[in-house]
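Please read the structure below before turning to the comments.
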Protein chains: 2
Amino acid sequence: MQNQQVLTKNQKIVLDIIEKSSQPLKAYSILFDVKKKGINAPLQVYRALDKLVEIGKIHKIESRNAFIACKNSKCQITKATVFSICENCEDVKEIHDHKLSEHLKHYKDNKGMKYSKYNLEFFGLCKKCINK
Amino acid sequence: MQNQQVLTKNQKIVLDIIEKSSQPLKAYSILFDVKKKGINAPLQVYRALDKLVEIGKIHKIESRNAFIACKNSKCQITKATVFSICENCEDVKEIHDHKLSEHLKHYKDNKGMKYSKYNLEFFGLCKKCINK
DNA sequence: TTAATTTTTGTTATAATATAACACTATGTA
DNA sequence: TACATAGTGTTATATTATAACAAAAATTAA
Ligand SMILES: [Zn+2]
Ligand SMILES: [Zn+2]
Ligand SMILES: [Zn+2]
Ligand SMILES: [Zn+2]
């Protein structure tokens, strides 16, 4: 039921904007874009974002305070994410690497703690930026 | 040279506060604490934090906007971090797992991007919080 | 040493990100 | 219907972080 959620008007509007962008969007830039659709206040955007993150339709890039759509239905279950971020051009991509995901999903530390979620952000230079 | 940096007065004051805490501190809580030592403005704290992160003395917990001291000299080289975060009591610990670090350090995706840095945050419940 | 350069500082102001509180409305369920 | 739950709209405010600028301190290069 969590995954086949019926979205509300505001949630749809916000998701739509994010899905149209290949790159992460910031909350206030989303707010600016949706003002013509009747969403006026930050809180309306943040509430929609919270819900969309919760149901796995979008992810938050923590180091950038920005939100990107998820194209992989599996993320909606795991809430475990891996991103690649170019430190020069800020290009962000979600990495779907089954082997890496499995490895992290089953990771146990020596403190008796078991993990249900993780967020991994890789930083470097993308192909374009390496070749200047 | 990067690692044996001589710290300035403000950097020392801020580092000192962070090292005395076992848990991550937020910038404005640090500011509150250092006011008696003559640091008056947010920017003075943020500048010290930036430098301390840069030289690897502290790490930023991105999902919490908070800063924690690093006890592992190796981090000062790699700038690659792994944290464990309890979602109930907010207890944060740095994970030093050589095998995991090596695995991530050498990770290559299929987009021709190679990574120099990463930040991994695991979320779950700590031992105490599992047993309520 | 002296002058040039870089880094750090102190300060004020402001930008950017995010939440509290409250009254109201829609939706689901018994 | 009545009750519970979730979402809305709004105003105000809290929290996190940076811009801009002038002055002081530390480094470097003649
Ligand atoms: Zn995803
Ligand atoms: Zn790039
Ligand atoms: Zn460390
Ligand atoms: Zn705990």
Side-chain angles (χ1 to χ4, degrees), chain A residues 1-18 21 23-68 87 90 92 119 121, chain B residues 1-18 21 23-55 57-68 85 87 90 92 119 121:
Chain A
M1 218 112 254
Q2 185 82 309
N3 293 348
Q4 287 297 355
Q5 195 99 25
V6 177
L7 299 179
T8 65
K9 184 177 133 268
N10 287 1
Q11 289 160 10
K12 268 180 223 150
I13 292 170
V14 170
L15 178 58
D16 191 50
I17 297 279
I18 299 175
S21 167
Q23 290 300 303
L25 297 178
K26 306 202 143 212
Y28 276 73
S29 120
I30 294 168
L31 176 58
F32 180 86
D33 285 347
V34 299
K35 279 204 165 153
K36 44 178 134 16
K37 302 214 173 173
I39 294 181
N40 300 302
L43 199 42
Q44 295 175 288
V45 171
Y46 279 105
R47 286 199 281 227
L49 290 172
D50 284 351
K51 189 67 181 189
L52 293 169
V53 167
E54 190 193 319
I55 64 177
K57 290 287 189 184
I58 64 173
H59 302 298
K60 182 171 186 181
I61 313 296
E62 291 288 355
S63 69
R64 299 300 186 259
N65 299 315
F67 300 85
I68 193 166
E87 291 192 289
E90 290 293 319
V92 173
N119 180 56
E121 298 179 9
Chain B
M1 218 108 253
Q2 186 82 309
N3 293 349
Q4 289 296 356
Q5 195 100 26
V6 177
L7 299 179
T8 65
K9 183 177 134 269
N10 288 0
Q11 289 160 8
K12 269 181 222 149
I13 292 171
V14 169
L15 178 58
D16 191 50
I17 296 278
I18 298 175
S21 168
Q23 290 300 303
L25 297 178
K26 305 203 142 210
Y28 276 73
S29 119
I30 294 167
L31 176 58
F32 180 86
D33 286 348
V34 299
K35 279 203 165 155
K36 45 177 129 24
K37 302 213 171 169
I39 295 182
N40 301 302
L43 198 43
Q44 294 175 289
V45 171
Y46 279 103
R47 286 198 280 226
L49 289 172
D50 285 351
K51 189 67 181 190
L52 293 169
V53 167
E54 190 192 319
I55 65 176
K57 290 285 190 186
I58 64 173
H59 301 299
K60 182 171 188 183
I61 314 295
E62 291 288 356
S63 68
R64 299 299 185 260
N65 299 314
F67 300 85
I68 193 166
I85 303 172
E87 291 193 288
E90 290 293 320
V92 173
N119 180 55
E121 298 180 9

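Naming convention: chains lettered A, B, ... in sequence-line order (proteins, then strands); numbering from 1 in each chain.
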Kindly say whether A:Val92 contributes a backbone atom to a donor-acceptor pair with the side chain of A:Gln23 at under 3.5 angstrom? yes
Think A:Lys26 has a side-chain N or O under 4.0 angstrom from the OP1 or OP2 of C:dT17? yes
Rounding to an integer number of Å, can you tell me how far B:Phe32 CZ sits from D:dT16 P? 15 Å
Would A:Lys9 and A:Lys12 satisfy side chain to side chain contact (heavy atoms under 4.5 Å, CB included), going step by step from the backbone distance to the final call? CA-CA 5 Å; A:Lys9 184 177 133 268; A:Lys12 268 180 223 150; 5.9 Å; no
Report yes if a side-chain nitrogen or oxygen of B:Lys9 is closer than 4.0 Å to either non-bridging phosphate oxygen (OP1 or OP2) of D:dA24; otherwise report no. no
Just one of A:Leu25, A:Leu49, A:Leu52, A:Leu15 clears the side chain to side chain contact (heavy atoms under 4.5 Å, CB included) bar with A:Phe67, so which one? A:Leu49
Taking only side-chain N and O atoms of B:Lys60, does any of them lie within less than 4.0 angstrom of OP1 or OP2 on D:dA17? yes
C:dT19 base stacked by A:Tyr46 (centroids within less than 5.5 Å, tilt under 30°): no
What's the closest nucleotide to the side chain of B:Asn65 if the choices are C:dT8, D:dT16, C:dG10? D:dT16
Could you give the CD1-to-P distance, from A:Ile13 to D:dG7, as a whole number of Å? 15 Å
Is there, by distance only and without an angle test, a donor paired with an acceptor across the side chain of A:Tyr28 and the base of C:dA18 below 3.5 Å? yes
Let me spell it out: for each of B:Ile39 and B:Pro42, pick the nucleotide of DNA chain C with the closest heavy atom. Which residue's pick is nearer the 5' end? B:Ile39
Without decimals, in angstroms, what is the distance between A:Glu54 CD and D:dA6 P? 10 Å
Whole-Å distance, A:Lys51 NZ to D:dT8 C1', equals 14 Å
Protein-nucleotide distance (A:Leu49, atom CG; C:dT17, atom C1'), rounded to Å: 12 Å
Going by an N to O cut-off under 4.0 Å, is there a salt bridge joining B:Arg64 and A:Glu62? no
Just the rounded figure in Å: distance from C1' of C:dT8 to CD of B:Gln11. 8 Å
Would you kindly compare B:Leu43 and A:Phe67 by the position of their nearest DNA chain C nucleotide and give the one closer to the 5′ end? B:Leu43
Reckon A:Gln44 has a side-chain N or O less than 4.0 Å from the OP1 or OP2 of D:dG9? yes
Could you go step by step and tell me if B:Ile55 and B:Leu7 meet the side chain to side chain contact (heavy atoms under 4.5 Å, CB included) rule? CA-CA 10 Å; B:Ile55 65 176; B:Leu7 299 179; 3.6 Å; yes
In this structure, how many angstroms lie between the P atom of D:dT15 and the CD1 atom of B:Ile30, rounded? 15 Å
Rounded to whole Å, how long is the line connecting atom CZ of A:Arg64 with atom P of D:dT18? 11 Å
A:Thr8 side chain N/O closer than 4.0 Å to the phosphate oxygens (OP1, OP2) of D:dT8? yes
Among D:dT16, C:dG10, C:dA18, the nucleotide that comes nearest once only the side chain of B:Asn10 is considered: C:dG10
